[in-house]
A.B. asks: 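Please find one structure pasted underneath; my questions will follow.
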Amino acid sequence: MKLDPNRTWKLVEKRLADERDPTLRRNLELVLAHMKAEAKGDIDGVVATLTERPRYVTYQNPDDPILNPVGSKDAVRRFYDATIIQTGAYRLEFACDRVIVDADSVFTEGVMRMAYPGATLRAMGIEVDDPSAYYVGETRMGVVWPVDQAEGRLTGEETYSGTDLFAGIAGRKISLSDIAPLEA
């Protein structure tokens, strides 16, 4: 299995190249900037795309306050630090096969793959055979990216997952050489 983080935004870039409406272009540009910052582990870049009072909703686990930050950019920073940076799971590929945009939001859908260090998975209680390897979590995901018209920024993300990201993860071992580098 190979992981290519650059696939995450390819369909958004294609949709943007074909779009002429300035509002829809702005919305796509916000999602594109957000995706690219996330792939670099650039939390400040991610937060720069958000309103002053963002709201994230993870419908797979709506009661977890870490996974559902609300009301401040600091809460979003804590979310990314806890779920992406501290876990080492910032190497991800969101293979989008659908992008829909209107004046108030963008919707992206596809297969989300995230490479987790074996040591992180063991700390989470997931049995893996090699703590120095990476293992790929995989799920079908839809993301609604609402846009605040007054601020001209994303209000956050609303994610829907088809299956448990960690189901079968121990059987999807990869090495760092299986992960494509970010394009310049």
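Note: hydrogens, waters and symmetry copies are ignored here, and every other heavy atom, side chains too, is used. We're numbering straight along the sequence, starting at 1.
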A.B. asks: Show your reasoning for whether side-chain contact (heavy atoms from CB on, under 4.5 Å) applies to Leu165 and Gln60.
C.D. replies: CA-CA 10 Å; Leu165 179 75; Gln60 191 81 358; over 6 Å; no
A.B. asks: Could you work out, with ring-ring contact (aromatic ring centres under 6.0 Å, His included) as the rule, every residue matching Phe79, not counting sequence neighbours?
C.D. replies: Tyr56
A.B. asks: Side-chain heavy atoms under 4.5 angstrom apart, residues restricted to Ile, Leu, Val, Met, Phe, Trp, Tyr: same cluster for Phe107 and Val31?
C.D. replies: no
A.B. asks: Is it true that Asp74 and Arg77 have a side-chain N and a carboxylate O under 4.0 angstrom from each other?
C.D. replies: yes
A.B. asks: Side-chain contact test, heavy atoms from C-beta onward, threshold under 4.5 Å: evaluate it for Thr8 versus Glu38 and give yes or no.
C.D. replies: no
A.B. asks: Can you check side-chain contact (heavy atoms from CB on, under 4.5 Å) on Asp104 and Val147, steps first, answer last?
C.D. replies: CA-CA 5 Å; Asp104 297 314; Val147 178; 5.8 Å; no
A.B. asks: Can you name the closest pair of heavy atoms from Lys73 and Thr51 and give their distance?
C.D. replies: CE-O, 3.2 Å
A.B. asks: Show me the pairs that pass salt bridge (Lys or Arg N to Asp or Glu O under 4.0 Å) and involve residues 146-174, at least two apart or across chains.
C.D. replies: Arg55-Glu158, Asp129-Lys173
A.B. asks: Main chain of Thr163, side chain of Thr139: is a donor-acceptor contact present, judged purely on distance under 3.5 Å?
C.D. replies: yes
A.B. asks: Rounded to the nearest 0.5 Å, how far apart are OG1 of Thr120 and CD1 of Ile126?
C.D. replies: 10.0 Å
A.B. asks: Sequence neighbours excluded, which residues qualify as ring-ring contact (aromatic ring centres under 6.0 Å, His included) partners of Tyr116?
C.D. replies: Phe166
A.B. asks: Is there a path of hydrophobic side-chain contacts, each under 4.5 Å between heavy atoms, that joins Leu154 and Leu16?
C.D. replies: yes
A.B. asks: Which atoms form the tightest heavy-atom contact between Ala82 and Ile66, and what is the distance?
C.D. replies: CB-CG2, 3.9 Å
A.B. asks: With a 4.5 Å cut-off on side-chain heavy atoms, are Leu32 and Leu28 touching?
C.D. replies: no
A.B. asks: Minimum heavy-atom separation for Phe94 to Gly110, with atom names?
C.D. replies: CE1-N, 3.5 Å
A.B. asks: Roughly how far, to the nearest 0.5 Å, is CD of Glu138 from CD of Glu93?
C.D. replies: 9.0 Å
A.B. asks: Side chains of Thr58 and Asp64: does their closest heavy-atom pair fall under 4.5 Å?
C.D. replies: no
A.B. asks: Are His34 and Leu50 close enough that some pair of their side-chain heavy atoms sits under 4.5 Å apart?
C.D. replies: yes
A.B. asks: Hydrophobic clustering (ILVMFWY, side-chain heavy atoms < 4.5 Å, transitive) - are Val47 and Leu92 grouped together?
C.D. replies: yes
A.B. asks: If we ignore hydrogens and angles and just use 3.5 Å, is the side chain of Asp97 paired with the main-chain N or O of Leu11 as donor and acceptor?
C.D. replies: no
A.B. asks: Are Tyr90 and Leu3 grouped together when hydrophobic residues (ILVMFWY) are joined by side-chain heavy atoms under 4.5 angstrom apart?
C.D. replies: no
A.B. asks: Hydrophobic cluster membership, with links at side-chain heavy-atom distances under 4.5 Å among I/L/V/M/F/W/Y: are Met124 and Val128 in one?
C.D. replies: yes
A.B. asks: So does Asp178 pair up with Arg91, basic N to acidic O under 4.0 Å?
C.D. replies: no
A.B. asks: Measuring only between side-chain heavy atoms, which start at C-beta, is Lys36 closer than 4.5 Å to Glu13?
C.D. replies: yes
A.B. asks: Working to the nearest 0.5 angstrom, can you tell me the gap between Ile169 CD1 and Leu121 CG?
C.D. replies: 4.5 Å
A.B. asks: Is there side-chain contact between Val136 and Tyr134, with heavy atoms separated by less than 4.5 Å?
C.D. replies: no
A.B. asks: Let me confirm one number: the CG-OH distance from Asn68 to Tyr59, rounded to the nearest 0.5 Å.
C.D. replies: 9.0 Å
A.B. asks: For Gln86, is there any backbone N or O sitting under 3.5 Å from a side-chain donor or acceptor partner on Asp81?
C.D. replies: no
A.B. asks: Before giving the answer on side-chain contact (heavy atoms from CB on, under 4.5 Å), spell out for Leu182 and Asn6 the whole-Å C-alpha distance, their side-chain angles and the decisive distance to 0.1 Å.
C.D. replies: CA-CA 6 Å; Leu182 292 175; Asn6 304 291; 4.0 Å; yes
A.B. asks: Does NZ in Lys10 sit with more than 12 non-hydrogen atoms of other residues, nucleotides or ligands closer than 6.0 Å?
C.D. replies: yes
A.B. asks: Could you tell me the separation between the CZ atom of Arg140 and the OG atom of Ser161, rounded to the nearest 0.5 Å?
C.D. replies: 11.5 Å
A.B. asks: Where the side chain of Thr49 meets the backbone of Ala33, is there a donor-acceptor pair that is under 3.5 Å apart?
C.D. replies: no
A.B. asks: Quick check: do Met114 and Ile84 have side-chain heavy atoms less than 4.5 Å from each other?
C.D. replies: yes
A.B. asks: Specify the closest pair of heavy atoms between Ala115 and Ile174, including all atoms of both residues, with the distance to one decimal.
C.D. replies: CB-CD1, 4.2 Å
A.B. asks: Does Arg7 reach the main-chain N or O of Ala95 with its side chain, forming a donor-acceptor pair under 3.5 Å?
C.D. replies: no
A.B. asks: Should Arg25 and Glu19 count as an ion pair when the cut-off is N to O under 4.0 Å?
C.D. replies: no
A.B. asks: Hey, is OH on Tyr80 packed in by over 12 heavy atoms from elsewhere, all under 6.0 Å?
C.D. replies: yes
A.B. asks: Over all heavy atoms of both residues, which pair between Gly88 and Pro117 is shortest? Give the atoms and the distance, please.
C.D. replies: O-CD, 3.7 Å
A.B. asks: Got a second to check how far Leu24's CG is from Ile100's CD1, nearest 0.5 Å?
C.D. replies: 12.5 Å
A.B. asks: With a sphere of 6.0 Å drawn around CZ of Arg122, does it hold more than 12 non-hydrogen atoms of other residues, nucleotides or ligands?
C.D. replies: yes
A.B. asks: Compare every heavy atom of Ala180 with every heavy atom of Pro5, then report the nearest pair and how far apart it is.
C.D. replies: CD-O, 3.4 Å
A.B. asks: Let's go through Cys96 and Met35 carefully: what are the C-alpha distance in whole Å and the side-chain angles of both, what is the deciding distance for side-chain contact (heavy atoms from CB on, under 4.5 Å) to 0.1 Å, and is it a yes or a no?
C.D. replies: CA-CA 12 Å; Cys96 291; Met35 288 174 153; 4.2 Å; yes
A.B. asks: Taking C-beta and beyond as the side chain, do Tyr135 and Asp130 meet within less than 4.5 Å on heavy atoms?
C.D. replies: yes
